[in-house]
2 protein chains.
Amino acid sequence: MSPRKSVVETRHTRRRILDRGLEIASVEGLEGLTIGRLAAETGMSKAGVLGHFGTKESLQLAVIETAAEAFAREVPQRARDARPGLPRLRAVCEAWVSYLERSPLPGGCFFTAVAAEFDGRSGPVRDAIAAMNTLWQRELRIHVRRAVSVGDLPEDTDVDQFVYDLVATMLALNHFLQFQRDQRASTYARRALHRLLGKPGHV
Amino acid sequence: MSPRKSVVETRHTRRRILDRGLEIASVEGLEGLTIGRLAAETGMSKAGVLGHFGTKESLQLAVIETAAEAFAREVPQRARDARPGLPRLRAVCEAWVSYLERSPLPGGCFFTAVAAEFDGRSGPVRDAIAAMNTLWQRELRIHVRRAVSVGDLPEDTDVDQFVYDLVATMLALNHFLQFQRDQRASTYARRALHRLLGKPGHV
DNA sequence: CCTACCGATCGGTAGG
DNA sequence: CCTACCGATCGGTAGG
């Protein structure tokens, strides 16, 4: 029996479980993430792992939360110093491409993976993934709209179409990198972005 | 005990299993496709189902083969009467969009789903999916190259970039339709294609 | 946080 | 093609 841990130690253990869980889920999906494997890889018992979350579904929701925090840190946060409008939008996209290129998670983009996994299902886990997806596209729309309103993009820009094109480029980048393991993918992605956003350094 | 069946009946049973298996796998993935569920939904015993394939892996490979045949029937075959070059390429893309729009499988595009599922894994199943993916992109490249050589597309067209852009549009279409359930997706996809391929009806 | 369980389900086999 | 199994693993619980 392990001795009872302090609050800070408990929180640290929870983080370790979630960080490892995010890595596993990026490869195996959120259903393929099993409590038994998570226990083995953190050196705990299954009951020890489950004690932090109660149910597998709560664990899945906590992993989604963890993924959202990592994404926020890696992409939108890195663009916050750029001037609102096209420069900010470009900075966001460059941080996004760079994140997918570096691919800190072994299975590539967590949200792309679990969106595909849960697209045919329903329930709280799907809803949580969808909520993050909506939040992110809303942020992209705001950047595009701003770029239009300050005159960096043409007045007649279709904002939703623009967001679709950005998302398409990133979905393809993740697909070509992770599935096809084609390193040229980031070149293609940057060229596609260049077509949408123009030359970096110019307005 | 069921009486022994004729060869034609056996083949028919195998087809029924594979058709149902493809539907299940489009939603649950190829790992989530279980022999028990497949048996229940075809009114057979697990041993009866497994007898047709031997192992789950063989079943998975047979489902991939079935999916490839369905895709070939629905997309490239429907474009074979169009003139080689840009008209053929446009016909292929229109059949592709239409296929994703109609979405005969409950989980959307089978290959998109399983590519995401297996991108972090290795083995014969991943290899089979990758082989189909390669075959299809090779066909797309041939159409693009032909469109360039007959003068329908500019001489300096980057063929691989062009294929990347087509795939990006289709991945996004499937994502927006299946995950976001956004019916406007096909409008966005067709506009993106229009930008790449020009106005249908014109060379 | 552990050990020691639970019923359900997994892929697969034996034997007919 | 079936019934009747097998060991392994699933999510989860009891009790400490």
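So you know, we letter chains A, B, ... as the sequences are listed, proteins then strands, and number each from 1.
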A.B. asks: Hey, what do you get for OG1 (A:T112) to CG (A:L173), rounding to the nearest 0.5 Å?
C.D. replies: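 Those atoms lie 9.5 Å apart.
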A.B. asks: CD of B:E31 versus P of D:dC10: gap in Å, rounded?
C.D. replies: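 Roughly 13 Å, once rounded to whole Å.
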A.B. asks: Does the pair A:E41/A:R37 count as a salt bridge with the N-to-O cut at 4.0 Å?
C.D. replies: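 Here A:E41 pairs with A:R37 in a salt bridge, since their nearest N and O are under 4.0 Å apart.
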A.B. asks: Go through the side-chain N and O atoms of B:R14 and B:T10 and say whether any donor and acceptor fall under 3.5 Å apart.
C.D. replies: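 No - no donor-acceptor pair under 3.5 Å links their side chains.
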A.B. asks: Both distances under 3.5 Å, Watson-Crick or G-U wobble: report the partner of D:dG15, or none.
C.D. replies: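 When the pairing criteria are applied, C:dC2 turns out to be the nucleotide that pairs with D:dG15.
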A.B. asks: From CG of B:L38 over to P of D:dC1, roughly how many Å is that when rounded to an integer?
C.D. replies: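 Rounded to whole Å, this separation is 12 Å.
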A.B. asks: Just checking B:L50: base, sugar-phosphate only, or nothing, at a heavy-atom cut-off of under 4.0 Å?
C.D. replies: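 Here B:L50 touches the bases of the nucleic acid.
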A.B. asks: Looking across every strand, which nucleic acid part, if any, lies under 4.0 Å from A:S45 by heavy atom: base, sugar-phosphate, or nothing?
C.D. replies: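 Base: the residue A:S45, judged by heavy atoms under 4.0 Å, touches a nucleobase.
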A.B. asks: Separation of A:L61 atom CG from D:dG11 atom C1', in whole Å?
C.D. replies: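 Result: 16 Å.
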A.B. asks: Charged N to carboxylate O under 4.0 angstrom, B:D165 versus B:R195?
C.D. replies: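 Salt bridge: no.
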A.B. asks: Nearest to the side chain of A:A47 - D:dA14, C:dG11, D:dT3?
C.D. replies: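 Nearest to the side-chain atoms of A:A47, counting from C-beta on, is D:dA14.
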A.B. asks: Judged by each residue's nearest nucleotide on DNA chain D, which is more toward the 5′ side, A:L33 or B:R14?
C.D. replies: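 This one resolves to B:R14.
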A.B. asks: Does any nucleotide pair with C:dA8 by Watson-Crick or G-U wobble geometry, both distances under 3.5 Å, and what is it?
C.D. replies: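 C:dA8 is paired, partner D:dT9.
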A.B. asks: Look at B:T13 and D:dC1 and indicate whether a side-chain polar atom (N or O) is within less than 4.0 Å of OP1 or OP2.
C.D. replies: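 Yes, within the criterion.
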A.B. asks: Looking at C:dG11, D:dG11, D:dC1, which one has an atom nearest to any side-chain atom of B:H52?
C.D. replies: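 Shortest atom-to-atom distance from the side chain points to D:dC1.
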A.B. asks: Compare the minimum distances between each of C:dC1, C:dT13, D:dC10 and the side chain of A:M44, then state the nucleotide with the smallest one.
C.D. replies: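 Closest of the options to the side chain of A:M44: C:dC1.
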A.B. asks: Round to a whole Å and report the spacing from CZ of A:F53 to C1' of C:dC1.
C.D. replies: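 Distance check: A:F53 CZ to C:dC1 C1' gives 14 Å.
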A.B. asks: So, does the side chain of B:K46 form a donor-acceptor pair with the base of C:dG11 at under 3.5 Å?
C.D. replies: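 By the distance-only test, yes, there is a pair.
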A.B. asks: What orientation do A:W136 and A:F71 show, parallel under 30°, tilted 30 to 60°, or perpendicular over 60°?
C.D. replies: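 Perpendicular, since the angle between the ring planes exceeds 60°.
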